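Report on the following structure.
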Amino acid sequence: MSEETTNKQEMPEQLSDILLVLDKEKMKIQAVKSIDENGKMETVEPTKKNQNQFMRVDKGGDFFSNFFSNFFSQLKNPTNFTFFKVPTPAAADKAQELQKHIDTPTTEGEKVLKEHEVKTKPQQEKKQENQNNMATAQKTTEASEYRYKPEQIDWDTMKNLGLSKEYLEKRNLLDPLLRGYKTNELLPIGINLGGSILRTDARLSLQQAEDGNVIVAIHGIKREPNLHFEFFGHKFTDEDKKNLLETGNMGRVVNLVNSKNGELMPSIISIDRLTNDVIALRTEFIKISDEIKGVKLNEEQKQTLLEGKPLYLEGMISSKGTEFSATVQFNADKRYVEFLFDRSNNNQQAQTNQQNTGQSQPQEAPRTFRGKELDDEQYNKFKAGQTIYVELKDKKDQPYKGYITFDKDTGKTNFEFPGQYKARVEPAESHKTQTAVNSEGKTNEATKNVKEPLKSGQQRPKNEKQQEQQDDKPAKSKGRKM
């Protein structure tokens with residue numbers, strides 16, 4: 001398979017269009033964001049800054065028709081609005097163009113508006129559709145979520161690869177295929193080459209050919225990512241290669257060039273860690289949630305992730321309820337924010353060295369721990385490395401108590417419940433006391449006059465003889481009677 005063919009398969013996909021709406025009362029173009037259960041539509045300004053909030057709908061003809069039909073039927077006061085469908089990459093510019101034609105009507109402008117206007121179904125069809133609203137809603141939900149239908153798959157080809165519908169369903173691999181994604185794991189496949197059969201592991205995806213037919217794409221395993229050639233017009237720098245090989249993500253947005261029409265496509269790039277393919281994703285498909293593991297993101301942090309850059313977050317809460325910190329980054333292949341851990345044995349030592357380097361630098365103690373802000377007295381002791389007692393609350397607002405200690409070398413805060421703290425500290429304190437008595441000449445009032453060596457942990461005289469020594473009484477004579 002040629003490099004060009006491989007790249008075409010991994011080209012950033014344009015799977016959706018943007019829905020614009022004209023409010024006939026305000027005569028203003030907006031981008032549709034969502035529609036609530038009461039039929040109220042939420043919109044945002046159609047600017048590039050807001051493009052991450054635009055509602056995206058499948059650009060396929062049947063899929064879009066089903067989606068929009070259901071959307072329109074749920075809308076409150078639908079006659080107040082006119083809808084337009086525009087390509088995702090040019091949504092903001094196209095919205096501005098449509099607004100100009102609305103503000104200054106012309107014959108040419110009217111043609112442009114009609115070209116993008118979404119026509120609603122005739123009233124009779126809509127009435128028939130509403131009679132079976134639940135079925136329609138369910139069908140439309142499926143259509144809006146899935147890019148392909150099971151019957152579109154060439155199951156004969158699947159059979160030749162050693163796969164079946166039942167097998168894919170059993171392993172929960174059919175669902176991502178129908179949604180337009182790759183299988184989330186490698187599959188053992190066999191390819192009949194006539195005189196021989198090639199057996200290998202690969203990820204699969206469904207793609208639409210130019211003739212409209214759905215084909216099965218095979219993503220085989222490469223020995224290493226091919227970063228020596230241009231990727232849609234982008235030449236990888238040394239820094240790009242270093243980031244991709246170490247973390248799997250390039251860490252910045254670049255303009256890729258559509259080989260068909262020369263269109264610039266702002267995208268981020270990652271490595272498929274199962275196959276070593278180079279994967280790109282257009283920035284308009286990046287979605288960043290407001291919160292990651294209990295940490296609410298501010299606008300600056302969201303923008304960092306939208307630009308494909310790594311972001312270090314502190315104070316996240318794991319599924320087990322423990323606090324942790326980690327670097328997160330959006331992955332173009334997975335299409336979500338991931339945690340960056342060691343990726344391979346090749347870079348494990350390098351990352352270990354980086355961690356050790358970071359740990360050798362003293363870090364500032366946090367003022368807040370698990371939502372509890374320390375007062376001045378607590379904080380001064382805490383940042384000095386002393387253990388302090390705190391009262392906290394869990395996610396269900398239930399109180400609990402414990403001890404925290406700040407480690408300056410690692411920058412981490414260690415937490416212990418009272419039982420753990422006492423089990424660790426009390427024996428240690430007892431040992432210190434005994435050492436001071438036995439080795440440093442210090443006294444323990446209860447045993448200061450005992451002349452025999454004391455056993456570890458002994459705080460009082462152990463027998464009558466030691467008690468007499470402690471009381472400073474002469475020992476009883478055991479001599480023979482004369």
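These figures come from a predicted structure and were not determined experimentally.
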Does [X], at its [atom1] atom, have more than 12 non-hydrogen atoms belonging to other residues, nucleotides or ligands within less than 6.0 Å?
X: Glu151; atom1: CD; answer: yes
X: Lys241; atom1: NZ; answer: yes
X: Glu377; atom1: CD; answer: no
X: Lys287; atom1: NZ; answer: yes

Side-chain heavy atoms of [X] within contact of [Y], under 4.5 Å:
X: Lys293; Y: Ser318; result: no
X: Lys401; Y: Tyr389; result: yes
X: Leu187; Y: Asp201; result: no
X: Lys159; Y: Leu163; result: no
X: Val257; Y: Leu264; result: yes
X: Phe369; Y: Phe406; result: no
X: Phe236; Y: Val278; result: yes
X: Ile404; Y: Ile388; result: yes

Using distance alone, with no hydrogens and no angle criterion, decide if [X] and [Y] have a side-chain donor and acceptor under 3.5 Å apart.
X: Glu307; Y: Gln303; value: yes
X: Gln329; Y: Asn249; value: yes
X: Asp240; Y: Thr237; value: yes

Between [X] and [Y], is there a side-chain N and carboxylate O pair less than 4.0 Å apart?
X: Glu338; Y: Arg273; answer: yes
X: Lys242; Y: Asp238; answer: no
X: Lys302; Y: Asp290; answer: yes
X: Glu45; Y: Lys28; answer: yes
X: Lys222; Y: Asp272; answer: no

inquiry  = Could you go through Glu300 and Lys309, starting from their C-alpha distance and side-chain angles, then the distance that decides it, and tell me whether this counts as salt bridge (charged side-chain N to carboxylate O under 4.0 Å, His left out)?
reply    = CA-CA 12 Å; Glu300 183 180 354; Lys309 299 176 182 178; over 6 Å; no

Would you check if the side chain of [X] reaches a backbone N or O of [Y] as a donor-acceptor pair within less than 3.5 Å?
X: Thr157; Y: Trp155; value: no
X: Tyr379; Y: Ala365; value: yes
X: Glu323; Y: Ile317; value: no
X: Arg367; Y: Glu373; value: no
X: Gln152; Y: Lys149; value: yes
X: Gln378; Y: Asp375; value: yes
X: Asn380; Y: Asp376; value: yes

Gap between atom [atom2] of [Y] and atom [atom1] of [X] - 0.5 Å precision:
X: Thr183; Y: Leu174; atom1: OG1; atom2: CG; result: 11.0 Å
X: Thr327; Y: Tyr312; atom1: OG1; atom2: OH; result: 6.5 Å
X: Leu177; Y: Lys182; atom1: CG; atom2: NZ; result: 12.0 Å
X: Ile29; Y: Glu97; atom1: CD1; atom2: CD; result: 11.0 Å
X: Ile271; Y: Asn276; atom1: CD1; atom2: CG; result: 7.0 Å
X: Leu20; Y: Phe54; atom1: CG; atom2: CZ; result: 7.5 Å

task = Mind running side-chain contact (heavy atoms from CB on, under 4.5 Å) on Asp154 and Val214 for me, showing each step along the way?
result = CA-CA 7 Å; Asp154 185 348; Val214 175; over 6 Å; no

side-chain contact (heavy atoms from CB on, under 4.5 Å) between Phe84 and Leu22, worked out = CA-CA 8 Å; Phe84 304 92; Leu22 170 65; 3.9 Å; yes

query = Using the ring of each side chain (for Trp, its six-membered ring), is Phe415 parallel, tilted or perpendicular to Phe417, with breaks at 30° and 60°?
reply = perpendicular

query = After noting the C-alpha distance and the side-chain angles of Val337 and Ile288, does the key distance pass the side-chain contact (heavy atoms from CB on, under 4.5 Å) rule?
reply = CA-CA 8 Å; Val337 174; Ile288 306 298; 3.9 Å; yes

query = Is the His234-Phe232 ring centre distance short of 6.0 angstrom?
reply = no

key: Derivation and outcome, side-chain contact (heavy atoms from CB on, under 4.5 Å), residues Ile292 and Leu297   = CA-CA 7 Å; Ile292 297 178; Leu297 303 180; 3.8 Å; yes

request  = Answer yes or no on whether Arg335 is positioned over the face of Tyr181, meaning its NZ or CZ is under 6.0 Å from the six-membered ring centre and within 45° of the axis.
outcome  = no

